[in-house]
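Below is one structure, written out as C-alpha cells; comments come after it.
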Amino acid sequence: MTPGVVRRIVVVGNGIAGVTAADTLRALGFDGELTLVGDEPHPAYSRPALSKALLRDDDLASHLLPPPTHGATELRGVRVTALDPRARTVLLDGGDRLPYDGLVVATGCRARRLTEGDPDPAVELTLRSLEDALALRQRIAVRPDVVVVGGGPLGMEIASACLDAGCAVTLVSRGRPLVHQLGRHLSDVLVAAGLARGLRLETVGAARLERVDGGTRVVLADGRSLEAALVVTAAGDRANVEWLASSGLLRGGVLEADAAGRVRPDVVAAGDVAAVPTPAGVRRVPLWTSAIEAGRNAATALLQPDAVPTTTRPYFWTEQFGLSVKAVGHLPFGGDPALVDGDPGADRSLLQWGDGGSDGAGAAVAVNYRIPIPRLRRLCDAVA
Amino acid sequence: MRITVDRPRCEGHGLCEEAAPALMHLDDDGELVLDVEEVEDGSPAAAAAAAAARVCPVAALRLE
C-alpha cells in the first residue's frame with residue numbers, strides 16, 4: 001500500500017486516542033473520507049476527570065473536551081461488531097459495512113466486573129464511562145456506607161471521593177493498595193493519607209458479590225463478608241477486542257501493535273485497547289498522555305509507513321486523600337527515592353529515583369508540588 | 001481566536017506546554033502563563049493552540 005491510495009479511513013473508537021488519531025490525520029494533510037465510529041453517545045471526553053474532579057467538585061464540565069476539528073463523519077452510539085481485514089470492511093451493529101483503505105482501532109477498555117455474567121448496578125457499580133460517574137455521584141450524595149473493591153489508583157480515587165462526600169468507606173484490596181501499580185513508597189504515602197482521613201482498609205481480596213436486602217454483600221477470600229448500601233468495584237479493565245475475534249489479528253486474545261501502532265500495513269491501533277512494546281514487555285499502557293501519543297503515532301504510521309514514532313516516558317497522575325501525585329517514568333517505582341525538594345513528611349515533596357522505574361531507568365514524582373511536566377521529565381532524564 | 005485559561009480548574013500538568021511551547025508555559029510556581037493570547041484562525045499557531053486545549057485532561061484551556 002502506498003500513501004497515495006489511502007482515500008478512506010475509518011477510526012473505530014471515539015475516545016481520546018481515536019479523536020487524536022483523526023485530528024492527526026487531518027494535520028498531516030489527509031483530506032479523504034474520514035469516519036469516526038464510537039459506541040458512546042457523547043463526543044470524546046476526559047476519562048481521567050471522571051474519577052477526580054467530576055466526582056468531587058461542583059464543576060460538572062471538567063471532563064468536556066474542545067469540539068473536534070477533524071470534520072469526520074461521526075457515528076456515535078454505534079457499535080462495530082466485526083472486522084474483515086481481507087475485504088477491508090468493518091461491520092456495524094445493524095448490518096451496515098464500512099469500507100476502508102486504512103483503519104484505526106481505538107476501542108479502548110471496559111471495566112472488569114465481579115458480576116461479569118449478570119451485571120446488576122444495584123449490586124455493583126463500576127467507574128469507566130460518563131454515565132457511571134454521574135450515577136456514582138448521585139448515589140454517594142445521600143452518604144451511604146460504601147465498600148470499594150480494588151486497591152489500584154482508581155479504587156483509591158473512588159474511596160477518596162466517597163469519603164469527601166461524607167460516606168463511611170471500606171476499601172477491599174488484595175494486599176496493600178497501590179504497591180503493585182505504583183510501588184512501595186507511593187503506596188505508603190497515599191495509604192497513610194487515606195487512613196488519616198478515616199479510610200478503613202481490608203487487605204484480604206474480594207471473592208464475590210451477593211445481593212442482599214438494602215445493598216450488597218462482599219464475600220472475602222477468607223470467607224468473611226462485608227455488607228454495604230453501595231459497592232463500587234475497580235477491579236481492572238478488559239480490552240474491547242471481541243469484535244476482532246474473527247479478524248485473525250488477535251494473538252491469544254490480545255491486540256498487539258508495534259511501537260508506531262502498526263498491526264499490519266493498513267491497520268493501526270492506539271489507546272487502551274492495544275498492547276505495545278514497553279521496557280517491561282508487550283503490554284497495554286492505559287494512560288491519558290500515552291493514548292494521545294499513540295493516537296498521533298498510529299495516524300502517522302497509516303499515512304507515512306516509514307515514520308519514526310515519538311514516545312516519551314509515561315506520565316501518570318492521581319488525586320486522592322488531599323494529595324496530588326504526578327509521576328514520570330515506568331511504574332511501579334521500586335526502592336526509596338531521593339528528596340529533591342520539599343518536606344520529608346511528604347506533604348509536599350519532589351522525589352527522584354535513580355533507577356527505580358520498572359525499566360531500570362529513572363523516575364520522578366511530585367507530591368502536592370506544582371511543577372511543569374516538562375521539568376519533571378527533565379528531572380527523570382537527569383538520572384536516567 | 002483567543003486562548004483563555006480557567007484558573008481554578010488548571011491543575012498545572014503542563015501538557016499544554018508540551019503541545020504548544022511557543023504559546024504557553026508554566027512558570028516556576030507551576031502557574032500557566034499564556035505567552036500568546038490571540039492566534040489567527042487557520043494558522044499553525046491556532047492548530048497548536050487546539051492541540052494544547054485537547055490534551056488538557058481537565059478542560060482548563062479554551063479557544064474562543
Side-chain angles (χ1 to χ4, degrees), chain A residues 16 19-20 22-24 26-28 43-54 56-70 287-289 291-293 295-296 310 312 315-319 324-328 341 350 366 368-378, chain B:
Chain A
I16 189 66
V19 170
T20 302
D23 281 344
T24 305
R26 292 305 195 204
L28 293 173
Y45 52 85
S46 164
R47 215 173 285 286
L50 300 184
S51 57
K52 301 178 178 79
L54 194 66
R56 191 186 54 213
D57 301 343
D58 292 332
D59 181 353
L60 274 177
S62 57
H63 63 292
L64 296 175
L65 297 175
T69 53
H70 47 59
L287 299 174
W288 172 260
T289 50
I292 291 171
E293 205 169 76
R296 227 179 268 144
T310 310
T312 54
Y315 171 56
F316 165 86
W317 78 98
T318 183
E319 292 153 28
S324 150
V325 172
K326 297 171 180 175
V328 173
D341 192 16
L350 187 58
N368 279 5
Y369 191 105
R370 282 181 82 99
I371 178 172
I373 298 317
R375 235 186 94 202
L376 200 59
R377 284 193 190 286
R378 284 197 293 276
Chain B
M1 195 170 353
R2 190 168 182 79
I3 310 171
T4 60
V5 191
D6 185 333
R7 295 273 163 204
R9 224 183 246 178
C10 176
E11 296 177 349
H13 294 288
L15 302 173
C16 54
E17 176 181 350
E18 285 189 308
L23 304 181
M24 57 197 76
H25 73 277
L26 283 137
D27 66 16
D28 287 343
D29 298 325
E31 295 293 332
L32 184 62
V33 178
L34 292 177
D35 301 302
V36 176
E37 292 185 23
E38 287 282 344
V39 290
E40 201 178 320
D41 281 15
S43 66
R54 175 62 47 73
V55 298
C56 177
V58 289
L61 267 184
R62 267 190 229 110
L63 301 177
E64 285 157 0

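It should be emphasised that the depicted structure is a prediction, and the values quoted were computed from it without experimental measurement. Chain A is the first sequence line, chain B the second, and so forth, proteins listed ahead of strands; every chain is numbered from 1.
Scanning both residues, A/Leu65 and A/Ser46, for their nearest heavy atoms gives CG-N, 3.9 Å. Nearest heavy-atom pair across A/Thr20 and A/Gly295 is CG2-C, 4.3 Å.
The candidate from A/Tyr45, A/Trp317, A/Tyr315 with the greatest count of non-hydrogen atom pairs under 4.5 Å with chain B is A/Trp317. In terms of heavy-atom pairs under 4.5 Å with chain B, the best-connected choice from A/Arg370, A/Lys52, A/His63 is A/Arg370.
Distance alone, capped at 3.5 Å, places no donor-acceptor pair between the A/Lys326 side chain and the A/Leu376 backbone.
Residue A/Tyr369: no heavy atom, backbone or side chain, is found under 4.5 Å from chain B. Using a 4.5 Å cut-off between heavy atoms, A/Ile371 contacts chain B through its backbone alone, with no side-chain atom that close. Heavy atoms of A/Arg47 lying under 4.5 Å from chain B are absent altogether. The parts of A/Ala61 that come within reach of chain B are both its backbone and its side chain, each placing non-hydrogen atoms under 4.5 angstrom from that chain. Of the two parts of B/Cys10, the backbone and the side chain both hold a non-hydrogen atom closer than 4.5 Å to a non-hydrogen atom of chain A.
Within the structure, every pair that satisfies the salt bridge (Lys or Arg N to Asp or Glu O under 4.0 Å) test and touches residues 16-28 of chain B, not counting sequence neighbours, is listed here: A/Arg377-B/Glu18. The stretch residues 41-52 of chain B participates, sequence neighbours left out, in no side-chain hydrogen bond (donor to acceptor under 3.5 Å, both in side chains) pair at all.
Contacts between residues 45-64 of chain B and chain A, defined by a heavy-atom separation under 4.5 Å, are made by B/Ala53, B/Arg54, B/Val55, B/Cys56, B/Pro57, B/Val58, B/Ala59.
Here CD of A/Glu319 is found 9.5 Å from CG of A/Asn368. Values are rounded to the nearest 0.5 Å. Between the CD1 atom of A/Ile373 and the OG1 atom of A/Thr289 there is a distance of 9.0 Å, given to the nearest 0.5 Å.
Applying the salt bridge (Lys or Arg N to Asp or Glu O under 4.0 Å) criterion to A/Arg26, with sequence neighbours excluded, gives no partner residue.
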Walk me through it: do A/Asp23 and A/Arg296 pass the test side chain to side chain contact (heavy atoms under 4.5 Å, CB included)?
CA-CA 8 Å; A/Asp23 281 344; A/Arg296 227 179 268 144; over 6 Å; no
